[in-house]
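Below: one structure, written as structure tokens.
Excluded from the calculations below are hydrogen atoms, water molecules and symmetry mates; all remaining heavy atoms, backbone and side chain alike, are included. Nothing here was measured: the structure is a model prediction, and the numbers come from that model. In what follows, chains carry the letters A, B, and so on, assigned in the order in which the sequence lines appear, proteins first and then strands, with residues in each chain numbered from 1.
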There are 2 protein chains.
Amino acid sequence: MRLATWNVNSVRSRLDALVPWLAATRPDVVVLQELKVQQGEFPFAEIAMTGYQVALVGQKTYNGVAVLARQPIAVRATSLDDGADDPQARLIDCEVAGLRVVSVYVPNGGEPGSDKYAYKLQWLRRLRAWLDRTCAPCEALAIGGDWNIAPDDLDVRYPAAWKDTVLCTPEVRRAWRGLCQWGLCDAARAVHPEARMFSWWDYRAAGLERNDGLRIDHWLVTAPLRDRLVAAGVDQDLRHGDKPSDHAPVWIELAGGG
Amino acid sequence: MRLATWNVNSVRSRLDALVPWLAATRPDVVVLQELKVQQGEFPFAEIAMTGYQVALVGQKTYNGVAVLARQPIAVRATSLDDGADDPQARLIDCEVAGLRVVSVYVPNGGEPGSDKYAYKLQWLRRLRAWLDRTCAPCEALAIGGDWNIAPDDLDVRYPAAWKDTVLCTPEVRRAWRGLCQWGLCDAARAVHPEARMFSWWDYRAAGLERNDGLRIDHWLVTAPLRDRLVAAGVDQDLRHGDKPSDHAPVWIELAGGG
DNA sequence: GGACTGCCCG
DNA sequence: CGGGCAGTCC
């Protein structure tokens, strides 16, 4: 079975790319980020036409995450649910196709040292606490999303240019390794230990033309799913075409399960 | 020779309609309104590609009028030039193809009784004074534009719905008749004395679907040109297609002259 | 409804 | 650069 993650940067302005992509690639499960839409404004009809069901947590203007699947989806949680006063729609936790599937949109972090950066680090700590509290490394768990973390310099086309930016600081990379130590595995990297795979090119400064890419969209999976991993990749063509998202979809393929 | 007038409602967002329309219909002279662009931001290169030269008076956000032609254009005036402190770009007066061609964008007028309505009536009085001062009924003069006047109930699909709106008040119709009495002739109406011809359908309230149209875009011509009139019409298809202007082009055909 | 103006965000 | 927003205009 195939799982895909895509930061669409507004689901409404990406519908004309999303619908054909779903129809052409038919992943079993899709997680989306940056819907930039409230639940009531989500284009349910257009997605239903493709044969996908939807579970989402929406928000006006910013954030918003969803799980799409061709099988029924049971929502387990729509927030980190830790009592924090945080209105940002950045996580949805679902049961679908025999898996526990989570869509996450990790805060970008603005600039190192900013309030936004503190929020990013805090959010990653809260996510780790949420894993400790509600998940187990032995269950079939896949967390896909825009992590806003390039785990290693191998994940950055021009590491010197991105050194100490919020996508690459030692602190966020340490948080990433903490998640891996908990029992999550960077699926695409496990399949392609040495490959330069990028999932995001900045709209600004002609990032795409200069292939100034980073790998910041990931699937993190627990051991039971890591053992079923057979393939992984990036649909780079989605970053080309017109009116693209700044992110390309990242997919993984698991043996069995449909 | 053929003259066309079109309120494009932003020349930049209408380029993909304007360029093919110029290429397909090749009018000798085109007058445009609501460019919504400063001179420096006008898409000169794209228009030049079609073989047209341009004279324009631009303004940020609002108004802006132009004359396009495949022959050289000599600009005579870019305002009513009556000493009024009026920064709005609503008139350009040119010499082209042996004619005097003027592009006008008459103020809409908001609501009857409003300041905007007073400005509309005042602008029409100033236009009449400008005619008296700078033009003569015996010269070959054609004034095309968005007049924001439906001269008669015949020019309104649902006259009761538009009665006493700023497009139809007795006062603006009186101003219109004053221009006709000066020596201008409503060209499209002269060619089609009884026809219901509409040039504008409101974006709102499904104006197009209900064919709730009005004829507010006109060519006014002096006697020498009236005597050469052979045809007139509206390119209604331009109001359909996607991302249309709310106005359709209105054209007239003169015998001789190219 | 669909242009525009800023402005915020990544 | 390319999403979103509110506010203004027609």
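- When each of B/Asn108 and A/Lys243 is assigned the nucleotide of DNA chain D with its nearest heavy atom, A/Lys243 is the one assigned upstream, toward the 5' end.
- Note on A/Ser13: every side-chain N or O is 4.0 Å or more away from OP1 and OP2 of D/dG3.
- The heavy-atom pair separating A/Ala248 from A/Arg239 by the smallest distance is CB-CB, 4.3 Å.
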Using nucleotides 5-9 of chain D, report all nitrogen or oxygen pairs with the protein that are shorter than 3.5 Å.
from, atom 1, to, atom 2, distance (Å)
D/dA6, OP1, A/Lys60, NZ, 3.4

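- Not counting sequence neighbours, B/Asp81 has no partner by the salt bridge (Lys or Arg N to Asp or Glu O under 4.0 Å) test.
- Nucleotides of DNA chain C with any atom under 4.0 Å from a heavy atom of chain B span, from 5' to 3', C/dG1 to C/dG6.
- With sequence neighbours excluded, no residue satisfies side-chain hydrogen bond (donor to acceptor under 3.5 Å, both in side chains) with B/Lys120.
- In this structure, A/Arg196 has no side-chain hydrogen bond (donor to acceptor under 3.5 Å, both in side chains) partners at least two apart in sequence or on a different chain.
- Nearest nucleotide to the side chain of A/Ser10, out of D/dG4, D/dC1, D/dC10: D/dG4.
- In this structure, A/Asp237 has no side-chain hydrogen bond (donor to acceptor under 3.5 Å, both in side chains) partners at least two apart in sequence or on a different chain.
- Separating the CG atom of A/Asn7 from the P atom of D/dG3 is a distance of 12 Å, rounded to the nearest angstrom.
- Atom CG of A/Asn9 and atom P of D/dG4 are 8 Å apart (whole Å).
- Nucleotide D/dG2 holds its P atom 14 Å from the CH2 atom of A/Trp200, rounded to whole Å.
- Scanning for salt bridge (Lys or Arg N to Asp or Glu O under 4.0 Å) contacts around B/Asp86 gives B/Arg126, with sequence neighbours left out.
- Among residues two or more places apart in sequence or in another chain, the salt bridge (Lys or Arg N to Asp or Glu O under 4.0 Å) test is passed with A/Arg157 by none.
- When the side-chain hydrogen bond (donor to acceptor under 3.5 Å, both in side chains) test is applied to B/Asp217, the partners found at least two apart in sequence or on another chain are B/Ser199, B/His247.
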